[in-house]
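Positions are given from 1, in the same order as the sequence printed here. Values in this document were obtained by computation on a predicted structure and should not be read as measured data.
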Amino acid sequence: MNKSVWIAAAVTLLFWSSAFAGIRAGILGGYSPGALVLLRFVVASSVFLLYALVKRVQPLQKKDLLRTIAMGLCGIFIYHTALTFGERVVPAGTASLLIAAAPVFTALISVIVEKQRLYWRGWFGIALGMGGAALVTLGAGHTDSFTGSALLILLSAVSTSVFFVFQKPLYKTYKAIDLTAYFTWFGTIPMLVFLPQLTHEVTHASLMATLSGIYIGIFPAAVAYVSWGYALSKARTHEVASLLYINPVLAVLVAWVWLDEKPQSIAIFGGIAAIIGVIIVNSRREKA
């Protein structure tokens with residue numbers, strides 16, 4: 001991957017890692033999951049609307065409409081609704097581990113759909129990254145069982161993997177920011193079912209919870225998805241997705257500062273393993 005891809009991915013990971021703590025802060029501050037996810041994406045949709053008013057967004061071709069709508073439903077509506085409802089119970093660090101399973105699903109889908117060949121070093125890197133992410137979460141002191149909330153977050157991991165792979169052909173025709181705008185708008189529409197909750201709770205939730213919702217709408221949702229789309233358009237899908245293993249490392253640090261979810265020393269070793277796993281997956285010298 002070239003330098004611009006690394007920079008774009010780094011921006012994404014920084015903001016996405018903070019989103020887990022931001023979601024928890026919003027829920028702990030008085031928002032229900034449905035109201036919070038709608039607040040987040042009303043903000044994100046507004047950001048893209050302002051962009052569209054300033055600079056013309058490329059119109060969708062008729063042949064791409066259904067795929068774009070499906071990607072918006074899958075990567076925005078299903079992913080974020082399931083994740084936010086899951087974080088009612090699952091702490092931020094644990095949620096980031098479960099989402100870190102996404103590169104496994106992404107690699108498998110890429111092998112089948114994109115005919116991408118993944119050699120033994122790639123699979124070893126994925127396994128090592130997953131193990132490192134597990135250590136990070138255990139180091140944060142969480143031992144959540146496989147509850148319904150955890151299953152919701154795993155559903156998020158699967159849906160975002162499908163989103164990563166099937167959106168990629170669209171980048172041959174559209175810019176990352178234009179596609180992200182369409183994905184966000186289409187994904188936000190079904191969230192409007194939570195509008196009555198939001199209108200009630202916005203006057204009762206804490207100011208900090210509302211600011212958290214605005215923050216995760218502007219940066220982890222709008223800005224980060226644009227930079228991620230750019231990275232996906234310039235590199236192989238499973239290589240870019242493997243960088244998600246760094247998410248638990250950053251997410252635990254953010255949750256420590258923001259929510260006082262303190263990690264243990266074992267998290268350091270998990271972080272090292274996760275980063276090494278990413279390096280291996282992205283090595284250009286893989287051998288069959």
Side-chain angles (χ1 to χ4, degrees), residues 1 4-5 8-9 11-12 15-16 34 37-84 102-103 105-116 155-195 216-241 244:
M1 295 191 296
S4 63
V5 174
V11 169
T12 301
F15 288 136
W16 277 359
V37 74
L38 177 58
L39 171 63
R40 178 181 184 179
F41 280 93
V42 164
V43 171
S45 293
S46 299
V47 169
F48 287 117
L49 180 59
L50 289 174
Y51 167 79
L53 292 174
V54 173
K55 189 170 183 179
R56 181 174 177 270
V57 176
Q58 182 180 350
L60 282 174
Q61 297 179 23
K62 186 176 180 180
K63 65 182 179 63
D64 297 323
L65 180 60
L66 288 180
R67 180 188 285 263
T68 306
I69 293 174
M71 293 301 94
L73 295 177
C74 184
I76 302 300
F77 174 64
I78 295 176
Y79 171 78
H80 289 284
T81 302
L83 174 62
T84 306
F105 301 123
T106 301
L108 291 172
I109 296 170
S110 295
V111 168
I112 296 171
V113 175
E114 297 182 343
K115 310 299 181 184
Q116 293 183 0
L155 171 62
S156 296
V158 174
S159 67
T160 201
S161 299
V162 173
F163 179 60
F164 290 161
V165 175
F166 285 92
Q167 68 174 286
K168 188 162 185 177
L170 294 170
Y171 290 108
K172 297 177 182 178
T173 308
Y174 306 95
K175 293 187 297 184
I177 190 168
D178 293 347
L179 273 181
T180 306
Y182 286 120
F183 293 150
T184 301
W185 292 331
F186 289 134
T188 302
I189 291 172
M191 293 178 186
L192 293 175
V193 68
F194 303 119
L195 185 58
I216 60 178
I218 294 174
F219 296 102
V223 176
Y225 268 99
V226 172
S227 58
W228 188 252
Y230 173 81
L232 279 178
S233 69
K234 300 296 182 180
R236 292 193 297 174
T237 307
H238 77 267
E239 287 182 345
V240 180
L244 290 174

Over all heavy atoms of both residues, which pair between [X] and [Y] is shortest? Give the atoms and the distance, please.
X      : Y      : value
Ala231 : Ala9   : CB-N, 4.4 Å
Val42  : Thr188 : N-CG2, 4.4 Å
Thr173 : Gln61  : CG2-NE2, 3.4 Å
Ser156 : Ser159 : O-OG, 2.9 Å
Trp16  : Ala224 : NE1-CB, 3.4 Å
Lys168 : Leu232 : CE-O, 3.1 Å

Interatomic spacing from CZ in Phe41 to CZ in Phe48 - rounded to 0.5 Å: 9.5 Å
From Leu65 atom CG to Leu60 atom CG, the distance as rounded to the nearest 0.5 Å: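 So the CG of Leu65 and the CG of Leu60 are separated by 6.0 Å.
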Heavy-atom side-chain proximity of Leu170 to Arg67 below 4.5 angstrom: yes
Non-hydrogen side-chain atoms of Asp178 and Tyr51 separated by less than 4.5 Å: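 Counting from C-beta outward, Asp178 and Tyr51 do come under 4.5 Å.
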Tyr230 side chain to Ser4 side chain, donor-acceptor N/O pair below 3.5 angstrom: yes
Ser45 side chain to Thr184 side chain, donor-acceptor N/O pair below 3.5 angstrom: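 The answer is no; no qualifying pair exists.
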Aromatic ring pairing Trp185/Tyr182, orientation class (parallel under 30°, perpendicular over 60°, tilted between): perpendicular
Candidate list Phe15, Phe183, Phe164, Phe163, test ring-ring contact (aromatic ring centres under 6.0 Å, His included), partner Trp228, passing option: Phe164
Show every donor-acceptor pair shorter than 3.5 Å between a side-chain atom in residues 69-81 and any protein atom, with sequence neighbours excluded, or say none if there are none.
{"unit_1": "His80", "atom_1": "ND1", "unit_2": "Arg40", "atom_2": "NH1", "d": "3.3"}
{"unit_1": "His80", "atom_1": "NE2", "unit_2": "Tyr225", "atom_2": "OH", "d": "2.7"}
{"unit_1": "Thr81", "atom_1": "OG1", "unit_2": "Phe77", "atom_2": "O", "d": "2.7"}

Ala157 backbone acceptor or donor facing Thr160 side chain under 3.5 Å: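 Flag not set: sc Thr160 to bb Ala157 has no pair under 3.5 Å.
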